[in-house]
There are 2 protein chains.
Amino acid sequence: MDDISPIRAKSGTNQEGTSAHNRRVMIEALRLNGALSRADLARATQLTKQAVSNIIEDLESDGLVVALDSVRKGRGQPSTPYRLVPEGAFAIGLQIDRHLTRAVAVDLVGSVLARAEANLPFDEPSKGVEVILGLVGGVRRELSQIFAQSEERLVGLGVAMPGPFGLKNSDDKWMMPAWQKFPLLETLAKGTGLNVSLQNDAAACATAERIVGAAHGVDHAVCLYVGYGIGAGLILNGELYSGGHGNAGEIGMALLSPAGPGSTPLEHRASLASLYQHLGLNPADDDIYQQLDGLVTAEDPKIMAWIDGAAHDLRWSVHLIETIFDPQTVILTSGAPEALARRLVEAMHPLLPSIADRPGRNLPRLQLGTTDPWSIALGAAAAPISRAFDPRFSAILKTRSSST
Amino acid sequence: MDDISPIRAKSGTNQEGTSAHNRRVMIEALRLNGALSRADLARATQLTKQAVSNIIEDLESDGLVVALDSVRKGRGQPSTPYRLVPEGAFAIGLQIDRHLTRAVAVDLVGSVLARAEANLPFDEPSKGVEVILGLVGGVRRELSQIFAQSEERLVGLGVAMPGPFGLKNSDDKWMMPAWQKFPLLETLAKGTGLNVSLQNDAAACATAERIVGAAHGVDHAVCLYVGYGIGAGLILNGELYSGGHGNAGEIGMALLSPAGPGSTPLEHRASLASLYQHLGLNPADDDIYQQLDGLVTAEDPKIMAWIDGAAHDLRWSVHLIETIFDPQTVILTSGAPEALARRLVEAMHPLLPSIADRPGRNLPRLQLGTTDPWSIALGAAAAPISRAFDPRFSAILKTRSSST
DNA sequence: GCTATTAAGTCAATTCGCTTGACTTAATTA
DNA sequence: TAATTAAGTCAAGCGAATTGACTTAATAGC
C-alpha cells in the first residue's frame with residue numbers, strides 16, 4: 001500500500017477528475033431526489049445548463065439515466081425529467097456470518113434482484129470458500145437470466161463479515177479465528193474475477209441505510225447495529241468512515257455500560273448473543289427468528305426483562321455516540337425480528353439528555369432502521385455501487401500517470 | 001445556510017476547482033516534506049512535470065513558494081528545490097477561555113510571530129469583546145511592523161473556546177453561558193473585517209498538532225485534550241471532523257470511566273478543574289502553572305494520587321477512542337505543565353489491550369503532544385490557514401454560478 | 001385570441017488548465 | 001570524450017466547462 005517514494009503527498013487532479021466528479025454528482029442528485037430535469041440539475045449542482053446537458057447525454061448513452069415524459073409546471077417550455085435506470089449497474093453482496101452465508105445481487109438503486117443462502121462450516125474456510133463461490137455464482141446466473149447484460153455491468157463484490165480485522169491474536173471465541181487468517185479477499189477476487197471490498201457488518205448496515213434507508217441523504221449519521229455482536233457504522237461527511245485500518249466502530253467489546261455491578265461489555269448485555277444465552281436458545285436453530293418473534297408477541301417475561309436491560313445499556317450508548325460524533329441522527333438496526341427491535345427502541349425512550357437535544361432538529365435523535373435479516377448482505381452489495389457512483393474526494397484524484 | 005431549493009445535491013466542479021486543488025496539493029506536499037523539486041512534486045502528485053511547473057511558477061509569483069539553491073544528486077541535471085515562504089500568509093488565532101483570552105499571529109508554516117493575553121470578564125461578553133478586539137488589534141499591529149504586507153496576506157481569524165456550542169439550555173456552570181448566547185462571531189467579523197471561524201478547544205489542539213505537532217501528516221489521529229475541561233479533537237481522513245453541528249468530540253461530560261462507585265464523568269475526575277479542586281487551588285491565580293509544576297517536581301503525594309486516578313480513567317478513554325475510531329495514534333495534549341502531562345502519560349502505561357495493539361504499527365499508540373499553554377491559540381490560528389491552503393473536498397467544488 | 005413573458009434546452013465559439021512529445025540543459029558514468 | 005540519466009522547457013493539442021445568443025413551448029394578461 002505504501003508508496004515507493006518517501007514523499008508524502010495527495011494526488012492532483014485534471015479534467016478527467018472533474019468530469020468523473022460531475023457525473024457522480026448527477027447520479028447522486030437523481031438518487032436523492034427521484035427525477036430531475038437538466039435545468040433542475042444545473043441549479044442544484046451549480047453547473048451550467050450546457051454542462052449538465054452534455055453529462056446527461058453521456059449518462060443516457062451509458063444507460064445510467066433515462067428521460068421521462070415532459071411535464072409542464074407553469075410558464076416556459078416543459079421540462080424533461082430524468083431518472084436513474086436501475087439496471088444501469090449491478091453488484092453482488094456477500095454476508096459471511098458465524099453460522100451461515102448470504103449472497104444477493106442488487107441494482108443501481110439498491111433493489112435486491114436475487115438472493116441465496118447456505119450454512120457455512122465455522123472453522124473450515126477452505127471448504128467454506130467453495131460454498132461461497134457457489135452461492136455467488138448462483139445469484140450471478142439468476143441475475144443474468146433477468147438482465148442479459150448484467151455481467152458487463154457488474155461493478156464489484158462487496159463482503160461483510162464480523163470484525164475486527166487484522167489483529168494480532170484472533171483467539172476471541174466470539175470472532176471467527178480461522179476466517180480471520182484465511183486470505184479470503186484474494187481467493188474471492190480470483191474465484192469471481194470481480195473487484196472485492198470488505199467491511200464489517202455494522203458498516204454494511206450503515207451502507208444499506210444510506211442507499212435505501214433512514215440515512216438516505218444524511219451526511220452525519222451513526223448506525224447502531226444490534227446483531228449477534230454489536231457495532232456502529234459511521235457515516236461522517238456523507239461517507240462511510242472506516243478508520244485507519246478498517247476497524248472503526250467496533251464498539252461491542254468496549255465498556256459502554258456505566259452502571260451495573262462489575263461493568264460488563266455492551267456486547268455481553270445487549271447483543272442477540274446475550275439474548276440467546278439469557279433465553280437458553282440455540283442461535284443455530286433454523287427457526288430462531290420465529291421463536292424470538294413469538295416470544296415478543298406473547299410478551300414473555302424473560303424476553304421483556306432482557307429488553308429492559310439491553311435498552312438501559314443502549315440508552316447510554318446512544319448518549320455516548322451523540323456526545324462523540326454529534327450526528328444528525330442515530331439509527332438502530334438489528335438482525336432481530338422487527339417487533340423485538342421496535343420494543344427495544346421504545347424501551348430506550350426517554351433518551352438521556354445530551355447535546356443532541358437541541359432546538360431546530362429536523363430528524364429524530366433515534367430512529368428504527370431496517371430489521372430485514374438480509375440488510376447486511378444488501379449493505380455489502382451497496383458498497384461497490386457507492387464506490388463506483390457516489391461523489392467522493394478520492395474519485396476526483398488521479399490514480400496513475402505516465403510521468404513523462 | 002439551507003438552500004432555497006428543496007433539491008439536495010452536491011456541487012459540481014470545473015477547471016477552477018481542479019486548479020485550486022492542485023495548488024493546495026503542492027502546498028501540502030511542501031509542508032509535509034520540507035523542500036521538493038518540480039520533478040519530485042510531479043511524481044508525488046501524479047501530475048505532469050509541465051503542470052507542476054506552471055503551478056509552481058504561479059505560487060512563486062504569489063509569494064507562497066521560493067526556489068532554493070539547486071542540488072546535484074547523481075546523474076542528470078541538478079534539481080531546484082522549492083520550499084514554502086512562511087510570510088506568504090498569516091492568520092490570527094484567538095483563544096477565549098473562562099478567565100483569560102489570548103491572541104496570536106502565525107504565518108503560513110505555523111510559527112507564532114506575535115502574542116498577547118488579557119483577563120476576561122467571565123459574564124460580560126459585551127465588555128469582553130472590547131478587550132478581545134484590543135488584543136487582536138495589538139497582534140495585528142505588531143505583525144505588520146514585522147512584515148509590512150501582512151495585512152493583505154491575512155487569511156482569517158480563528159476562534160477557539162470551550163464548547164459545546166448552540167445548545168438549548170446553557171445553564172451548565174462549567175460552560176460560559178453568557179458567552180454562548182452572545183453573537184460573538186458576527187461581532188468579531190464586523191470588528192476586524194476578517195473571516196471568522198470557530199472551533200472548540202480540543203479541536204484547536206488537534207489543529208495545532210496537525211500543523212506543527214505529532215499529527216503532522218497523519219490522516220487518522222485523535223487528540224485527547226486535558227485542560228480545564230476534557231475533549232477530543234478528531235483528525236479523520238486527514239481533516240478535522242466537527243460533526244453535524246460542530247460539537248463532535250465533546251466527551252468531557254460523557255461517562256467514560258467504567259469503574260468507580262457511581263460512575264463520574266471523566267471531566268470530574270481527570271480534568272485540570274478536578275485537579276484544582278483536589279488540591280484546593282484557585283485556577284484564577286496568576287502563578288497556578290508554576291504552583292503545579294512545583295508540586296509535580298516535589299512529587300507531592302496529593303498530586304501523585306490525582307495523577308494515578310486520572311491516568312486510570314484516561315487509560316479507559318484511550319481504549320474507547322481506539323475502539324471507536326481505529327486511529328493511527330492518540331495524542332495527549334494538555335494545558336498543564338509539561339512535567340505533569342509527562343507523568344500522566346507515564347502513569348497511563350501500560351495501556352489496555354485494544355484493537356490498536358496490532359502488528360506492524362509505525363506510530364506509538366499514545367504520544368505526548370504539545371503542552372504549550374499557547375497551543376490552543378495556535379490551533380485557532382491554524383484553522384484559517386488550513387482552510388485556505390490544505391487540500392479538501394469542499395475546496396474543489398463550485399460555490400456560485402451565474403446560472404445562465 | 002393575440003402578445004408578452006417565462007423557462008427549458010440547444011448551438012457554436014471560447015476559455016483555461018492539464019497533457020503530450022520533442023527538445024534543451026547539466027550533471028555522472030564509463 | 002561519449003553515452004547516459006534526469007530536470008526542466010517549449011509549443012501544440014485536447015477536453016470539459018463556460019458564454020451568450022438562439023430556439024422551443026408553455027402560461028399570463030389584455
Side-chain angles (χ1 to χ4, degrees), chain A residues 5 7 11-26 35-60 65 67-82 396-404, chain B residues 5 7 11-26 35-60 65 67-82 396-404:
Chain A
S5 145
I7 299 178
S11 203
T13 187
N14 55 17
Q15 289 191 107
E16 258 179 84
T18 300
S19 168
H21 172 71
N22 287 347
R23 278 175 66 108
R24 285 166 182 255
V25 166
M26 299 296 153
L36 296 174
S37 68
R38 302 182 184 203
D40 288 335
L41 284 165
R43 277 185 296 266
T45 63
Q46 324 249 54
L47 292 172
T48 58
K49 286 187 299 184
Q50 190 56 56
V52 171
S53 256
N54 296 337
I55 294 166
I56 288 294
E57 196 180 357
D58 268 21
L59 292 175
E60 194 170 18
V65 308
L68 303 176
D69 290 341
S70 65
V71 295
R72 340 176 194 200
K73 36 182 174 178
R75 257 184 211 192
Q77 178 172 327
S79 65
T80 309
Y82 286 78
I396 296 183
L397 311 184
K398 289 186 71 173
T399 48
R400 289 182 299 165
S401 112
S402 47
S403 204
T404 329
Chain B
S5 148
I7 300 177
S11 204
T13 186
N14 55 16
Q15 289 191 104
E16 256 179 86
T18 300
S19 167
H21 171 71
N22 288 346
R23 280 174 64 109
R24 285 166 181 256
V25 166
M26 299 295 153
L36 295 174
S37 69
R38 301 182 184 202
D40 288 335
L41 284 165
R43 277 185 297 266
T45 62
Q46 323 251 56
L47 292 171
T48 58
K49 287 185 299 184
Q50 190 56 57
V52 171
S53 256
N54 295 337
I55 295 167
I56 289 293
E57 197 180 355
D58 268 19
L59 292 175
E60 193 169 18
V65 308
L68 304 177
D69 290 341
S70 66
V71 294
R72 338 175 198 200
K73 34 182 174 178
R75 259 185 207 189
Q77 177 172 328
S79 65
T80 308
Y82 286 77
I396 296 183
L397 310 183
K398 289 186 72 174
T399 48
R400 288 182 301 165
S401 110
S402 47
S403 202
T404 328

**OP:** Select one nucleotide: of dT19(C), dA27(C), dA17(D), the one nearest the side-chain heavy atoms of Ile55(A).
**Re:** dA17(D)

**OP:** Please report, rounded to the nearest Å, how far the P atom of dA7(D) is from the CG atom of Asn54(B).
**Re:** 18 Å

Original post:
Pick the nucleotide of DNA chain C nearest each of Thr13(A) and Ala39(A); which residue has the one closer to the 5' end?
Top reply: Ala39(A)

**OP:** Using atom CD of Glu57(B) as one end and atom P of dC18(C) as the other, report the distance to the nearest whole Å.
**Re:** 13 Å

Original post:
Does any donor-acceptor pair link the side chain of Gln50(A) with the base of dC11(C) at a separation under 3.5 Å?
Top reply: yes

Subject >> Phosphate contact (dT18(D) OP1 or OP2) by Asn14(B) side-chain N/O below 4.0 Å >> reply: yes

Original post:
How many Å lie between CD1 on Ile56(B) and P on dC18(C), as a whole number?
Top reply: 12 Å

Subject >> Whole-Å distance separating the CG atom of Leu41(A) from the C1' atom of dT10(C) >> reply: 17 Å

Subject >> Any Ser53(B) side-chain nitrogen or oxygen under 4.0 Å from OP1 or OP2 of dT9(D) >> reply: yes

Subject >> Interatomic distance where CG belongs to Asp69(B) and C1' belongs to dA27(C) [whole Å] >> reply: 16 Å

Original post:
How many Å lie between CD on Glu16(B) and C1' on dC18(C), as a whole number?
Top reply: 15 Å

Subject >> Flag, side chain of Asp58(B) to backbone of Ile55(B), donor-acceptor distance under 3.5 Å >> reply: no

Original post:
Among dG15(D), dT18(D), dT29(C), which nucleotide sits nearest the side chain of Gln15(A)?
Top reply: dG15(D)

Original post:
Under 4.0 Å between a side-chain N or O of Thr48(A) and OP1 or OP2 of dT18(D)?
Top reply: yes

Subject >> DNA chain D: 5'-proximal contact among Pro78(A) and Arg23(A) (nearest heavy atom) >> reply: Arg23(A)

**OP:** Examine dG9(C): is either OP1 or OP2 under 4.0 Å from a nitrogen or oxygen in the side chain of Thr80(A)? Give yes or no.
**Re:** yes

Subject >> Pairwise side-chain contact, Val65(A) with Met26(A), heavy-atom cut-off 4.5 Å (strictly under) >> reply: no

Subject >> Whether Thr80(A) side chain and Ala67(A) backbone form a donor-acceptor pair below 3.5 Å >> reply: no

Subject >> Residue pair Asn22(A) / Ser19(A), side-chain donor-acceptor N/O under 3.5 Å >> reply: no

Subject >> Under 3.5 Å: donor-acceptor pair, side chain of Thr18(B), backbone of Gln15(A) >> reply: no

Subject >> Comparing Tyr82(B) and Ser19(A) on DNA chain D - which has the more 5′ nearest nucleotide >> reply: Tyr82(B)

Original post:
Separation of Leu36(B) atom CG from dG8(D) atom P, in whole Å?
Top reply: 11 Å

Original post:
So, does Thr45(B) use its side chain to make a donor-acceptor pair with the main chain of Gly12(A) at under 3.5 Å?
Top reply: no

Original post:
Taking only side-chain nitrogens and oxygens of Ser79(A), does any of them come within less than 4.0 Å of OP1 or OP2 of dA7(C)?
Top reply: no

Subject >> Between C1' of dT6(C) and NZ of Lys49(A), the distance in whole Å >> reply: 11 Å

Original post:
Taking only N and O in the side chain of Arg38(A), is any of them less than 4.0 Å away from OP1 or OP2 of dT10(C)?
Top reply: yes

Subject >> Phosphate-side-chain proximity, Arg43(B) and dA6(D), N/O vs OP1/OP2 below 4.0 Å >> reply: no

**OP:** Look at Lys398(B) and dT18(D) and indicate whether a side-chain polar atom (N or O) is within less than 4.0 Å of OP1 or OP2.
**Re:** yes

**OP:** Kindly point out which of dA8(C), dA7(D), dT18(D) is positioned nearest to the side chain of Gln77(B)?
**Re:** dA7(D)

**OP:** Mind checking Asn22(B) for me? I need base, sugar-phosphate or nothing, with any heavy atom below 4.0 Å counting as a touch.
**Re:** sugar-phosphate

Subject >> Shortest side-chain distance from Arg75(B), nucleotide among dT5(D), dA16(D), dT9(D) >> reply: dT5(D)

